[in-house]
Chemist: 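I'd like to ask you about the structure that follows.
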Amino acid sequence: MNFDIDDADPGFRRDVSTFLDEIVTPDLFERCRRTGTLHDWDLHRSLGARGWFAGGWPKKYGGRGEDGASEMLILSDELERRGIPADGLGMTMLVAKVIQQAGSEELKRAVLPRALAGEIVICLGYTESHGGSDVAAAKTAAVRNGDHWVINGHKMFTTLAHEAEYVFLLTRTNPDVSKHRGLTMFLVPMQTPGVEVRPVWTIGDVRTNATYYSDVVVPDSARVGEVDDGWGVMGVALMFERTDGGADVRLFTDAVRAARSVVTPDGGTLLKNEAVRERLARLAIEREVSTLLRLRSKWAAAQGSRSMVEGSMFKLFSAESQVRAASDLLDIFGPLGLIEAGDPAAPGSGEFCHEFRHSIVLPIYGGSSEVQRRIIAERGLGLPRADR
Ligand SMILES: Cc1cc2nc3c(=O)[nH]c(=O)nc-3n(C[C@H](O)[C@H](O)[C@H](O)COP(=O)(O)OP(=O)(O)OC[C@H]3O[C@@H](n4cnc5c(N)ncnc54)[C@H](O)[C@@H]3O)c2cc1C
């Protein structure tokens, strides 16, 4: 296992870091918080325009061939370390990787160059309100009609659907077989007649969406993978999803800065308090562990591992440690921690209350903590299935 990703291209991290220092301002964070959209088009387009999503991708799909294969790893590391919201990039690149593996040639040529150039984002349409964690219970129906498919149904929590060019949609194509069979994936253009998007606001200020599909007609070339093999395609997609996010170093540096600036009744600062230092130390250690688990899961995915265990370990630990960290920060700053960003009295950049509310969703989306524990127990530890 080699985590020394800078070896491949020592100048690239420096270029990314300099560029992000220039372009990312507090306005970007404020805009994302206000709109609830964890994606910024200016940033996304300018990173794509630099060719920074294209390293390691085949030239015929808009990539740069072998050149720069480790760039995306370094770029996402820099974004994650600074806590820069880039959900659009994460979702788009994971679907791009699945299309590369399982999409038709027509789909690859239509979608990959635009995704790699930062021109579009793609959202994920898996969850349905009746099914939740049981994604394979999807009822949204796709029925074949000659060269086309007609889709009817609805999805819940289709995050970024209001910005996306396509939705990567899980559908039921055969209701007469067991639920894990009979599923098929499609890449549906959001502008297709019959697609409707309605906002859903969460306690963490994130805007997600409910999406509705009424007699939506797509060509067979929009299919990703074989008919009725959607569960196999989903497995690849979920593995990629659980290797992103989670190592927000900005929150830690912000907390230390704020603790240093808050004066206590004894004339010292919060940072001098032993209990505060202990909590901040735990936060730092857990961020480091998250970073290592993330690198390990990315490494495993790059080696072709399909076990999903590494991704689940990272997702479980990073989500739960983020909840602990957000809770610790409110404890440390007390009522001051509840003051929202924008108010000069707020400690640090005023993210602590927002972070506390936002952290609640982390152990839910991308597969809940219980679901991750099941994967680790069954596939990693070889324990018997819980429902047998
Ligand atoms: C902010 C947000 C954004 C999201 N974005 C997207 C998106 O872009 N695309 C998308 O498709 N989905 C998205 N989701 C959906 C997310 O993946 C689901 O919420 C998640 O899978 C859990 O489903 P549920 O909320 O219906 O909870 P449920 O499945 O109803 O779970 C309720 C509780 O039961 C537990 N549970 C469920 N099944 C089991 C089991 N087998 N064993 C043990 N415990 C179990 C869960 O852990 C949880 O504690 C998003 C969700 C949120 C909150």
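None of the values given here were measured: they were computed from a predicted structure. Heavy-atom basis, side chains included; hydrogens, waters and symmetry copies ignored. Each ligand, and each atom within it, is numbered from 1 in the order the structure gives.
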Chemist: More than 12 non-hydrogen atoms from neighbouring residues, nucleotides or ligands closer than 6.0 Å to CZ on Arg277, yes or no?
Modeler: no
Chemist: What closest approach, in Å, do Tyr126 and Lys155 show between heavy atoms, and which atom pair accounts for it?
Modeler: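 Heavy-atom minimum between the residues: O-NZ, 3.1 Å.
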Chemist: Any donor-acceptor pair under 3.5 Å linking the side-chain atoms of Asp228 with those of Thr173?
Modeler: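 Short answer, yes.
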Chemist: In terms of side-chain geometry, is the basic nitrogen of Arg114 or Glu165 positioned less than 4.0 Å from the acidic oxygen of its partner?
Modeler: yes
Chemist: Just do the side chain to side chain contact (heavy atoms under 4.5 Å, CB included) check on Phe12 and Glu78 with the steps written out, would you?
Modeler: CA-CA 11 Å; Phe12 185 70; Glu78 284 296 313; over 6 Å; no
Chemist: Show me the donor-acceptor pairs within less than 3.5 Å that the side chains of residues 185-195 make with the rest of the protein, sequence neighbours left out.
Modeler:
{"residue": "Thr192", "atom": "OG1", "partner": "Pro189", "partner atom": "O", "Å": "2.6"}

Chemist: Write out the protein residues near ligand 1, meaning a non-hydrogen atom under 4.0 Å from one of its atoms, in order of chain and number.
Modeler: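 Within 4.0 Å of ligand 1, protein side: Leu124, Tyr126, Thr127, Gly132, Ser133, Phe157, Thr159, Ile364, Tyr365, Gly366, Ser368, Glu370, Arg374.
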